[in-house]
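For clarity, every value in this text was computed on a predicted model and none was experimentally measured. Letters A, B, ... mirror the listed sequences (proteins, then strands); counts begin at 1.
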Amino acid sequence: MSAHEHVTTHDRTPEDVRRVAAGLDRLGAAERSSADAGFEARLMAAVGRGLAPEPIPFLRARRLPIALGGLLAAAAALALAVVLWNPTTPVPTTPGGNGPIVAVVSFEQQVEDVLALLDGSDTVGDLYLDASLVGDDVSGSWVGTDDATLGSLLEEGTL
Amino acid sequence: MPAVTNASERLQPDAPAPGDRSADEHGGIAPDVLAAAARGDEDAWREIVRAYGRRIYALAKSRLRDPELAEEVTQSVFATVAGKLGGAGYEERGRFEAWLFRVAMNRVRDAVRRARREHRGVEDAASLAAGAVEDRAERIELDRLRGALAMLGEADREVIELRHHGQMGFREMAELLGAPVGTLLARHHRALRKLREMMESDEMHGGAA
């Protein structure tokens with residue numbers, strides 16, 4: 001019996017129920033003593049967990065490893081570089097010099113696209129895929145040019 | 001038995017008499033120990049665990065009838081209490097025991113509800129482990145008492161378990177349950193009488209054989 005155990009005072013219990021009260025005291029004592037010797041040590045460990053709680057599991061699961069975070073940053077930088085590089089490419093013109101054949105996506109629009117990409121991308125693979133699609137979109141500005149014009153451009157070596 | 005003057009007094013098995021400090025000594029934790037525990041002092045927590053760990057466990061085990069689940073609940077209670085005592089969650093300075101048992105009772109109720117949802121019985125599990133009570137006749141007697149206890153109504157059972165398993169004084173129970181001490185004493189006596197009748201009926205029908 002520990003220092004804090006006390007004997008329930010069933011001797012002060014009314015006579016008619018004294019026996020059952022004594023039985024309940026013995027039952028309670030049996031239940032208390034049924035925990036094994038390591039019980040208190042396990043409770044102390046639980047107290048330790050309570051004093052220094054671990055991060056909530058779903059928050060921990062969303063935390064990315066440092067290496068993956070670095071890769072993501074590099075991929076984002078790469079995607080940004082691809083987009084920023086594109087406006088410096090000479091805008092193709094018709095042989096007659098009548099202006100651009102197809103309006104290339106504006107710089108502001110491209111920056112917005114990259115920002116949208118960064119928001120929506122979860123993995124390095126996604127970023128690479130999205131970056132390659134941006135490239136396709138820019139190249140796809142030729143789509144819609146009539147065959148004759150494209151043919152002459154090919155002959156000139158512009159494409 | 002000393003002469004009694006009224007019904008309320010007659011029903012007070014441990015009503016504190018003037019100068020009787022027994023209720024304070026029933027596991028009461030000194031304020032400086034609580035303050036040290038709030039700072040994370042290990043010795044203070046060891047004292048709290050020693051004072052209340054097995055009492056909370058017995059309360060949970062009586063209701064859940066599953067030693068592992070009872071320990072799980074007890075650990076959860078102490079982890080919660082440690083977190084709140086160390087933080088800002090404990091507002092009831094001076095009534096630590098009532099607060100601790102309130103957390104425990106809520107956890108036990110949650111566990112009982114969960115077990116029912118999962119269709120796991122919490123009343124019909126095995127009897128007391130042989131190691132807990134060596135004497136076979138005593139073990140049978142206590143098992144019968146446990147069976148009778150499980151048939152009591154919620155309010156009666158609560159008072160019995162807090163008193164005999166959790167070793168709470170009636171004053172602390174009054175704080176915990178928000179009921180007058182006299183009401184709880186009467187409820188306790190009524191529950192004991194019901195248990196006695198159930199045990200006697202069981203004996204008449206050969207339950208002790």
Side-chain angles (χ1 to χ4, degrees), chain A residues 1-69 122, chain B residues 1 10-15 22 25-27 40 42 45-46 48-55 57-59 61-62 67 70-71 74-86 128-129 131-133 138-139 141-142 145-146 148-149 160-161 163-167 189 192-193 195-196 199:
Chain A
M1 187 177 277
S2 78
H4 291 277
E5 287 263 327
H6 70 91
V7 177
T8 303
T9 51
H10 56 259
D11 56 325
R12 282 192 277 164
T13 302
E15 187 78 35
D16 57 335
V17 289
R18 194 171 289 174
R19 184 182 155 213
V20 75
L24 285 167
D25 282 345
R26 296 199 308 278
L27 178 61
E31 298 285 30
R32 287 190 296 278
S33 65
S34 66
D36 63 32
F39 175 76
E40 277 79 9
R42 293 192 295 275
L43 280 194
M44 284 300 288
V47 166
R49 289 195 296 275
L51 290 170
E54 291 177 12
I56 301 167
F58 74 85
L59 291 178
R60 191 173 50 224
R62 285 177 63 92
R63 190 175 294 158
L64 295 171
I66 291 172
L68 185 55
D122 292 323
Chain B
M1 191 177 204
R10 181 169 57 81
L11 294 177
Q12 293 182 13
D14 68 347
S22 62
E25 290 163 1
H26 291 174
E42 191 175 333
W45 276 109
R46 211 178 298 284
I48 292 172
V49 163
R50 199 170 57 241
Y52 293 110
R54 286 173 185 262
R55 293 163 62 185
Y57 171 77
L59 194 68
K61 188 162 173 252
S62 177
E71 180 164 339
T74 309
Q75 287 185 16
S76 146
V77 168
F78 275 84
T80 299
V81 165
K84 291 196 172 181
L85 195 60
L128 279 170
V133 181
E138 170 75 345
R139 202 162 65 240
E141 172 79 2
L142 296 187
L145 196 49
R146 269 188 356 158
L149 184 57
I160 292 290
E161 286 173 336
R163 176 76 190 129
H164 297 275
H165 293 68
Q167 296 185 294
H189 185 238
L192 290 176
R193 273 206 319 246
L195 284 173
R196 188 198 66 194
M199 297 286 282

- Query: How would you list, by chain and number, every residue that makes a ring-ring contact (aromatic ring centres under 6.0 Å, His included) with B:F78, sequence neighbours excluded?
  - Reply: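 By the ring-ring contact (aromatic ring centres under 6.0 Å, His included) rule, B:F78 matches no residue at all.
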- Counterpart residues, side-chain contact (heavy atoms from CB on, under 4.5 Å), relative to B:R46 (two or more places apart):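 B:R46: side-chain contact (heavy atoms from CB on, under 4.5 Å) contacts with A:M44, B:E42, B:D43.
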- Message: I'd like to know whether B:H164 forms a side-chain contact (heavy atoms from CB on, under 4.5 Å) with A:L27, so could you lay out the CA-CA distance, the side-chain angles of the two residues, the decisive distance to 0.1 Å, and finally the verdict.
- Response: CA-CA 8 Å; B:H164 297 275; A:L27 178 61; over 6 Å; no
- What distance separates A:L24 CG from B:E161 CD, expressed to the nearest 0.5 Å?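 It comes to 9.5 Å.
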- Task: Mind checking the CG-CZ spacing from B:L192 to A:R18? Nearest 0.5 Å is all I need.
- Result: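 Those atoms lie 12.0 Å apart.
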- Structural part of B:T80 lying under 4.5 Å from a heavy atom of chain A: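 For B:T80, no heavy atom lies under 4.5 Å from chain A.
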- Within the side chain of B:R55, is there an N or O that forms a donor-acceptor pair under 3.5 Å with the backbone of A:R32?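 No: the side chain of B:R55 does not pair with the backbone of A:R32.
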- Message: Strictly distance-based, threshold 3.5 Å: is any side-chain N or O of B:R54 a donor or acceptor partner for the main-chain N or O of A:A35?
- Response: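 Side chain of B:R54 to backbone of A:A35: a pair is present.
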- Message: Test side-chain contact (heavy atoms from CB on, under 4.5 Å) on A:L51 and B:W45; report intermediate values, then the result.
- Response: CA-CA 11 Å; A:L51 290 170; B:W45 276 109; 3.9 Å; yes
- Can you name the closest pair of heavy atoms from A:G28 and B:A58 and give their distance?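 So the minimum-distance heavy-atom pair works out to O-CB, 4.2 Å.
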- Closest heavy-atom contact between A:V47 and B:A82?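 Closest approach of A:V47 to B:A82, heavy atoms only: O-CB, 3.6 Å.
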- Would B:R196 and A:R19 count as a side-chain contact (heavy atoms from CB on, under 4.5 Å) if you check the C-alpha gap in whole Å, the side-chain angles of each, and the deciding distance to 0.1 Å? CA-CA 8 Å; B:R196 188 198 66 194; A:R19 184 182 155 213; over 6 Å; no
